[in-house]
Amino acid sequence: MRKHHAVIVIGGGPAGSSAARTLASQGVDVALIDKAAFPRAKLCGGLLTLRSRKLFARIFGEAAWDQAFEYEADGIRLFHRERCLSEVAQHGALYFTCRHHFDNYLLSLAREQGTTLYLGDGLASIDLDQQVCRLQSGQEISYDHLIGADGVNSTVARTLFGASYDREKIAFALEMDVDRALLPREVTRPEIYFGVVKWGYGWVFPKRDTVTVGVGGIQARNPHMKKNFEAFLRSVFGTMPPGKIKGHHIPFGDYKPTPGANKVLLAGDAAGLVEPITGEGIAFAMQSGYYAAQAVLEAEASSGRVPALAAYQRRHKEITQILDHANRLRYLIFPQVCERLLVKALPRSTQVTRLHLDLMADEIGYGDYARRLGVRVLKGLVNGRFF
């Protein structure tokens, strides 16, 4: 027998849980479908910024933030290869989580609000004309609205557009979780490494018992990324650590200008909503899932006079304007000439590093960040120094 829900959400990550929780809190009959049984493994650095914390409070209300993460840091260290260029302490909080825990926590909050869950049974296909989702088990579920929050390899996006991402623009990341005991030194703050890949960076993120080590950059510019990652691992640990290297695509700023079609909306990585400078995706996933749910609520309240896609696009622009700024800013950071200037400038002052942390905390806007950074880069080009 075919089942029906007013809204179906595909994907149980931060975007999907945010959408489902928001809809269920307003009494909407919403179902969430995911191919995995939770908790499930999810490859991700697990950085949660103050922007993430603010959005979590906005979307999940009184739910406990301290259950969402396992490690907190108060600053950052910036490197060029093995040389530390800048370190800032006691400048706002950065939080780190393991996604198998974080995603399961958010999903439990959506469930508590009344979301119906279909877990361990992935989406096989969508009949857009009949508004029916067919699951891998053969079960069919019809919908009035559909929200695709099923990641960078989104089945929903492929159904709508024929491809889930642009192969010429997509980024790729390699990561490994390593026991803290294997580190030759203590890591208490996140570390960002420039110069280890092209148009990207490496990272070492502290967790409670492990560190997550990774590199990420535009795939087309990094044909030897695995070799570069192995060299990076040896530079961090002194030898090749035990563990499995895992990889995944990241839509570094390559968002979909039209995030859906008709009564189908895309959120999170499925919509390409990852910031290409900081790599932040969790915050924008939660925000876009929340906005997609609000758009559905607006469409239903208007009895269809306001299409859900139009209502979503108005809200969606708030995120894509940020990504547009970040996409332009890449040209002040990643080209080799700018990288050389940053290497010279960062040891002289912590102003740029603090500016970056303010951006991640959502304390300054991307336009302000771009103006301040642009002035410093131009000064560097003119006289060889930033300050």
Side-chain angles (χ1 to χ4, degrees), residues 1-13 15-24 26-37 107 110-111 113-165 255-273 285 288-316:
M1 177 179 286
R2 179 181 292 177
K3 294 185 179 181
H4 178 85
H5 294 278
V7 183
I8 293 178
V9 178
I10 308 297
S17 290
S18 296
R21 163 90 176 196
T22 302
L23 290 163
Q26 299 302 308
V28 175
D29 173 23
V30 55
L32 186 148
I33 297 168
D34 196 289
K35 63 184 178 182
L107 188 64
R111 181 196 293 116
Q113 200 67 52
T115 301
T116 300
L117 300 183
Y118 296 86
L119 303 180
D121 193 3
L123 177 67
S125 64
I126 309 168
D127 185 327
L128 296 174
D129 293 330
Q130 296 297 317
Q131 297 184 189
V132 172
C133 291
R134 295 188 178 91
L135 306 189
Q136 291 172 350
S137 64
Q139 184 173 2
E140 295 187 347
I141 309 174
S142 60
Y143 61 85
D144 298 324
H145 288 91
L146 177 67
I147 297 175
D150 48 340
V152 66
N153 295 306
S154 169
T155 299
V156 181
R158 286 200 306 272
T159 302
L160 293 179
F161 304 119
S164 54
Y165 56 80
Y255 66 84
K256 293 174 174 56
T258 303
N262 299 320
K263 293 186 174 184
V264 181
L265 310 178
L266 297 172
D269 283 13
L273 302 177
S288 61
Y290 175 63
Y291 283 170
Q294 285 190 319
V296 170
L297 291 170
E298 182 178 344
E300 289 298 310
S302 71
S303 299
R305 290 189 300 276
V306 178
L309 181 58
Y312 184 37
Q313 283 194 290
R314 288 202 315 272
R315 297 167 170 88
H316 182 256

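Taking the ring centroids of His5 and Tyr118, they lie under the 6.0 Å cut-off.
Counting only heavy atoms from C-beta outward, the side chains of Leu266 and Phe161 approach each other to under 4.5 Å. Using a 4.5 Å heavy-atom threshold, the side chains of Thr115 and Leu107 count as separate. Gln113 is not listed as a side-chain neighbour of Thr22, based on a closest heavy-atom distance of 4.5 Å or more. Proximity of Asn153 to Tyr165: side-chain heavy atoms (C-beta onward) are separated by under 4.5 Å at one or more points. Between Leu23 and Ile147 the shortest side-chain heavy-atom distance falls below 4.5 Å. Side-chain atoms of Leu123 and Val156, non-hydrogen and from C-beta on, do get closer than 4.5 Å to each other. Residues Ser142 and Gln131 are not in side-chain contact: their nearest non-hydrogen atoms beyond the backbone lie 4.5 Å or more apart. Taking 4.5 Å as the limit, every side-chain heavy atom of Ile10 sits out of range of all side-chain heavy atoms of Ile126.
The side-chain contact (heavy atoms from CB on, under 4.5 Å) check on Glu298 picks up Val306, Ala311, Arg314, Arg315, with sequence neighbours excluded.
Across all non-hydrogen atoms, the minimal contact from Thr155 to Thr159 is O-OG1, 2.8 Å. Across Ser288 and Gly268, no two heavy atoms sit closer than the pair OG-N, 2.8 Å. Taking each heavy atom of Ala20 and Ala110 in turn, the nearest pair found is CB-CB, 4.2 Å. Scanning all heavy atoms of the two residues, the minimum distance from Tyr143 to Asp127 falls at OH-O, 4.2 Å. Here the closest heavy-atom approach between residue Ala36 and residue Leu119 is recorded as O-CB, 3.5 Å. Lys256 and Ser164 get closest at one heavy-atom pair: NZ-O, 2.7 Å.
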(message) Assess the residue pair Val28 and Val296 against the criterion (side chain to side chain contact (heavy atoms under 4.5 Å, CB included)); give the C-alpha distance rounded to whole Å, side-chain angles, the decisive distance to 0.1 Å, and a yes or no.
(response) CA-CA 10 Å; Val28 175; Val296 170; 5.7 Å; no
(request) Give the intermediate values and the outcome of side chain to side chain contact (heavy atoms under 4.5 Å, CB included) for residues Leu309 and Asn262. (result) CA-CA 6 Å; Leu309 181 58; Asn262 299 320; over 6 Å; no
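Note that CG of Leu146 and CD1 of Ile33 are 8.0 Å apart. Values are rounded to the nearest 0.5 Å. Note: Ser154 OG to Asp269 CG = 10.0 Å, rounded to the nearest 0.5 Å. In this structure, the separation between NZ on Lys3 and CD on Gln139 is 5.0 Å, given to the nearest 0.5 Å. Rounded to the nearest 0.5 angstrom, Asp34 CG and Leu117 CG are separated by 9.5 Å. The distance from atom CG of Asp150 to atom NZ of Lys35, rounded to the nearest 0.5 Å, is 8.5 Å. Between atom CZ of residue Arg158 and atom OG of residue Ser125 there is a gap of 11.5 Å, rounded to the nearest 0.5 Å.
For Asp121 (side chain) and Leu135 (main-chain N/O), no donor-acceptor pair under 3.5 Å exists by modelled atom type.
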